[in-house]
Amino acid sequence: MIGFIIAGLVIGALARLIKPGKQNLGLLATLLLGLVGSVIGGVIANLLGTGDIWELNVLGFIVAVVAAVLLIGVAESVSGRGKGQVRG
């Protein structure tokens, strides 16, 4: 369990480093998005047959970071960071 939390924090931190721009996310939000990303990565790796959902493997880790980057983008749009921007 502690390893899962640490992995989520690392994945969330990596996702924040990869995502361009400044994110207004606290430590708890980073942890939660990293945990969700790691679950998504584990599920996809499991579906592809590369390992168990709770195992740390390369494919699952990469997918987890990508999922966390996407989740940060969703969290930013939901929090209203993009208000006032015209999209067209």
Side-chain angles (χ1 to χ4, degrees):
M1 188 66 167
I2 292 173
F4 186 63
I5 291 171
I6 292 171
L9 191 56
V10 169
I11 289 168
L14 279 174
R16 286 186 65 183
L17 287 173
I18 292 170
K19 177 122 175 45
K22 183 179 185 311
Q23 298 90 30
N24 294 324
L25 297 173
L27 183 64
L28 184 60
T30 301
L31 174 65
L32 291 175
L33 292 174
L35 288 173
V36 172
S38 66
V39 169
I40 292 170
V43 168
I44 291 175
N46 188 25
L47 290 174
L48 294 175
T50 62
D52 188 14
I53 185 173
W54 303 110
E55 275 179 10
L56 182 62
N57 60 50
V58 176
L59 180 63
F61 186 79
I62 292 169
V63 173
V65 172
V66 170
V69 168
L70 295 174
L71 288 170
I72 288 172
V74 169
E76 287 178 337
S77 66
V78 169
S79 70
R81 179 173 178 229
K83 287 182 182 175
Q85 294 178 353
V86 177
R87 297 183 182 179

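In this chain, residues are counted from 1 in sequence order.
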> In terms of hydrophobic clusters joined by side-chain contacts under 4.5 Å, are Leu47 and Val39 together?
yes
> Specify the closest pair of heavy atoms between Ser38 and Ala64, including all atoms of both residues, with the distance to one decimal.
CA-CB, 3.5 Å
> Do the side chains of Leu59 and Ile44 join up, straight or via other hydrophobic residues, at under 4.5 Å, putting them in one cluster?
yes
> Can you name the closest pair of heavy atoms from Leu33 and Ala75 and give their distance?
CD1-CB, 4.2 Å
> Just jot down the side chain to side chain contact (heavy atoms under 4.5 Å, CB included) partners of Leu9, sequence neighbours excluded, or say none.
Leu27, Leu31
> Once you round to the nearest 0.5 Å, how far does OG1 of Thr30 lie from CG of Leu35?
10.5 Å
> I need the minimum non-hydrogen distance between Val69 and Lys19, along with the two atoms involved.
O-CD, 3.9 Å
> Just to verify, what does Val36 make a side chain to side chain contact (heavy atoms under 4.5 Å, CB included) with, not counting sequence neighbours?
Ile40, Leu71
> Of all residues at least two apart in sequence or in a different chain, which pass the side chain to side chain contact (heavy atoms under 4.5 Å, CB included) check with Ile62?
Val58
> Taking Leu48 as the starting point, is it possible to reach Val66 by hopping between hydrophobic residues whose side chains are less than 4.5 Å apart?
no
> Measure across Ile11 and Ala68 and return the closest heavy-atom pair with its distance rounded to 0.1 Å.
CG2-CB, 4.0 Å
